[in-house]
Amino acid sequence: MDPCTRRDAVARVGVVIVQVSDGEHRGKLTVNEEANSVDYTREGNEKMSFVFDAVTNQHSIQRLYPELLQPLCELVCSGYHGAVLVGGTLRSGKEKLLQTQSVITQLLNGLFNEITKINTGEMFTTASFIQFYPDDSAVDLLNPEGRGLKPRTHPAFGPYVEGVCEVAVESLEEILSLYEEGRETLSANSGALVGRCSSLFSVNVERRLQGDEAAEQQYQHSTLRVFDLAGGARKGDLNGVSTLVKVMEHIESHTTADDKLLPLILADTLTGSCANVLLYCVQPQDLLDEETSHALALAQHVRGLVTHMVPSRWCPQRATQEIRERIQELQTRMVSQAENEEEDIRKLETLIQHLQVAKNQDWVKKRIQSREIWEKRKSLKEQQSNVAMLNHNADIQGSTERLKQLQTQLRVQIEAHIKDGKVSVDKSQERLGHIQKLREAIKEEEARLKAANGDSEQPGSQTNQAEDGSTQMSEVEVEYSKAQGRRQMLMEDHRAMIQKELDKMERELGEEKADGLEERLLRMNMERQVLVLQLEALRREKLEAEKDLEAQHRRHTQELHTLREEGLQVFRVYRQVFEEQKEMLEDRYRSLLQDAIQDAVYLSAKSQQLQTENKRLHAVLAELRDTISARADPAGWRGHGRSGGARPSKKEEESDRR
């Protein structure tokens, strides 16, 4: 029988054992997939046999969808709660079942396929993601600023988690994106504890059902929960014991689970109105014989659990009206009685909280909150991207500074080498070697800068237009530094060449033995050659400077055009954001005005009832006063009545007779 198939509103927990292939220890675990049985041999040849709903491995896990997971999706869309529990240690490959191409994708895809098949009633879907640390603390992965998550139970629609944000989703792509972002946040938050942290991904499906009257409009509310349970199946596990073990102990002993969030939610899932499927991963190894046997025994115990499913429906108008009536009754009792005042105050606070929660279930409010969460997450991503870009720009600036320092050192070394003139061979080789090292360092730094700029200019990089301005400015500085370095190196080469020619000229003049006019002519001829070299060097430097100036001009023109486009784009985005915020505020104020009108009408009706009751009580009080006055002075009343000549009434005659 399919464990998720409803029969008389009763469902048994379906259990699947997922085995990790291990050829070395395959003999310890004997699997019969046709009979869905597992035989495990412990140390001492002790044999243990187990029977489950399915036994498979990670490669054929997808075949379980039509047998176990698809019926679960159908139940959720029919108004019942469903849950998938994934357990196993970190070494068992449990995390692979929760990747986007495995169980979670099949579940969400099947759920949205079933939602699209529903033609009657409007649908509304939200998602939430909670992370649980080993110390039983919890954090909302879709809203990291949210703290203080607590389990609560509402009298209209059952248990819920107070403080968790529910993000509205309209497509499979959106919910898969939320799940992936939540998993990334979980890994970033956990660090080394990622293997010991559990999580709960919930999908809430609501459907609006039209009643006989508008005031009797009902909603169908169901939830699909996906648990990622960390820890082993025995208490001595180094990675910690799974919460499932603790909850099963409480269930078998018929005691209440701990007041922690995860045990309470898990206990409510396994014992409440919910259809459950457990996927437990095992990997038999010599050092983990006890772990494997305990895991199989735990899965066998979970398979024995039975839940009673009831469809979840509620009427917001009726629920709020009942809560308000209870609040009014409690307030009346608190005014008339002074006993148990503290207990009544606590009950009143709980009822007010239930009323607020019921009001917050409005779809318009949830959509507004979801839009705020999306904007907050977008802003957080932009901040993180800005920080990364600033760090990248700082690295580029540091490399530019190092490049300038290396170029300055190279220039100083070349000038010193030229000024010193003739030196010893060893010292000359040492200086030349140092100059060569500086040139190699400059080349490496230029290559590093080029690679950094290439990374920042990749078309697939996730940067926004607001960051492009600072990026382009840093690129301008880098290009200017490169051009300046090229011109400086060219000038140094020319200076060294001219100095070499001057040294050669002095040396040749010293060798030539000429007197008077011949010496002057020879010197002038050599100086003319040096001047020609200087003019050629200046011409080349001028051409290089003009080429760099042209490139800088084109660059600045392009940047000016880019900045104009960015300014226009920023203005468009600002206008769009302004319009969205304006629309959001209008929706919020309209909702607040509607609530205020409803409360005013309710208070006006109650005020009229109280005035009518007050008039009736005044009339009764007047009659009582007349009766008391008549009884207090019967003679005077009787005499007064007779002196007026009027006939005594029946009450007066009865009073006279008495």
Taking only Lys NZ, Arg NE, NH1 and NH2, and the carboxylate oxygens of Asp or Glu, determine whether [X] and [Y] approach each other closer than 4.0 Å.
{"X": "Lys246", "Y": "Glu249", "value": "no"}
{"X": "Glu162", "Y": "Lys150", "value": "no"}
{"X": "Lys260", "Y": "Asp135", "value": "no"}
{"X": "Lys366", "Y": "Glu166", "value": "yes"}
{"X": "Asp595", "Y": "Lys359", "value": "no"}
{"X": "Asp587", "Y": "Arg367", "value": "no"}

Does [X] reach the main-chain N or O of [Y] with its side chain, forming a donor-acceptor pair under 3.5 Å?
{"X": "Thr223", "Y": "Asn204", "answer": "no"}
{"X": "Thr116", "Y": "Asn113", "answer": "yes"}
{"X": "Glu180", "Y": "Leu176", "answer": "no"}
{"X": "Ser177", "Y": "Glu173", "answer": "no"}
{"X": "Gln220", "Y": "Cys77", "answer": "yes"}

(message) Parallel, tilted or perpendicular, judged at 30° and 60°: which one describes the rings of Phe129 and Phe201?
(response)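 Answer is perpendicular, since the angle exceeds 60°.
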Report yes if the side chains of [X] and [Y] come closer than 4.5 Å at any heavy-atom pair, otherwise no.
{"X": "Leu108", "Y": "Val203", "answer": "yes"}
{"X": "Arg12", "Y": "Asp53", "answer": "yes"}
{"X": "Leu296", "Y": "Met48", "answer": "no"}
{"X": "His221", "Y": "Arg313", "answer": "no"}
{"X": "His81", "Y": "Ser312", "answer": "yes"}
{"X": "Val16", "Y": "Phe52", "answer": "no"}
{"X": "Val161", "Y": "Leu261", "answer": "yes"}
{"X": "Phe112", "Y": "Ile175", "answer": "yes"}

For the [atom1] atom of [X] and the [atom2] atom of [Y], what is their distance to the nearest 0.5 Å?
{"X": "Leu270", "Y": "Leu278", "atom1": "CG", "atom2": "CG", "answer": "8.5 Å"}
{"X": "Glu322", "Y": "Thr320", "atom1": "CD", "atom2": "OG1", "answer": "9.0 Å"}
{"X": "Arg183", "Y": "Leu178", "atom1": "CZ", "atom2": "CG", "answer": "14.0 Å"}
{"X": "Leu72", "Y": "Leu111", "atom1": "CG", "atom2": "CG", "answer": "9.5 Å"}
{"X": "Ile327", "Y": "His354", "atom1": "CD1", "atom2": "NE2", "answer": "10.0 Å"}
{"X": "Ile323", "Y": "Ile352", "atom1": "CD1", "atom2": "CD1", "answer": "11.0 Å"}

Heavy-atom closest contact ([X] atom, [Y] atom, distance):
{"X": "Asp140", "Y": "Gly163", "value": "OD2-O, 4.4 Å"}
{"X": "Tyr280", "Y": "Gly231", "value": "OH-O, 4.5 Å"}
{"X": "Leu142", "Y": "Cys165", "value": "CB-SG, 3.8 Å"}
{"X": "Pro134", "Y": "Cys197", "value": "CD-SG, 4.0 Å"}
{"X": "Pro66", "Y": "Pro71", "value": "O-CD, 3.7 Å"}
{"X": "Pro151", "Y": "Leu264", "value": "CG-CD1, 3.4 Å"}

(request) Output, in order, the C-alpha distance, side-chain angles, deciding distance and verdict of side chain to side chain contact (heavy atoms under 4.5 Å, CB included) for Val247 and Thr271. (result) CA-CA 10 Å; Val247 172; Thr271 59; over 6 Å; no
(message) Just by distance, no angles: are the side chains of Arg152 and Tyr160 close enough, under 3.5 Å, to form a donor-acceptor pair?
(response)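 Note: Arg152 and Tyr160 side chains miss the donor-acceptor criterion.
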(message) Pairing donors with acceptors under 3.5 angstrom, does anything connect the side chains of Asp39 and Ser49?
(response) yes
(request) May I have the step-by-step check of side chain to side chain contact (heavy atoms under 4.5 Å, CB included) for Ile130 and Leu149, ending in yes or no? (result) CA-CA 9 Å; Ile130 306 175; Leu149 305 181; 3.9 Å; yes
(message) Using the rule given for side chain to side chain contact (heavy atoms under 4.5 Å, CB included), can you reason through Gln353 versus Gln356, listing the C-alpha separation, both sets of side-chain angles and the distance that settles it, and then say yes or no?
(response) CA-CA 5 Å; Gln353 185 180 13; Gln356 186 62 38; 5.7 Å; no
(request) Determine whether more than 12 heavy atoms belonging to other residues, nucleotides or ligands lie under 6.0 Å from atom CZ of Arg324. (result)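 Check passes, neighbour count above 12.
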(message) Can you tell me if Gln321 has over 12 outside heavy atoms packed within less than 6.0 Å of its CD?
(response)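 Result for CD/Gln321: enclosed.
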(message) If you apply the rule side chain to side chain contact (heavy atoms under 4.5 Å, CB included), what do you find for Val18 with Val282, and how did you get there?
(response) CA-CA 6 Å; Val18 182; Val282 296; over 6 Å; no
(request) Show your reasoning for whether side-chain hydrogen bond (donor to acceptor under 3.5 Å, both in side chains) applies to Asp228 and Ser198. (result) CA-CA 5 Å; Asp228 178 10; Ser198 302; over 6 Å; no
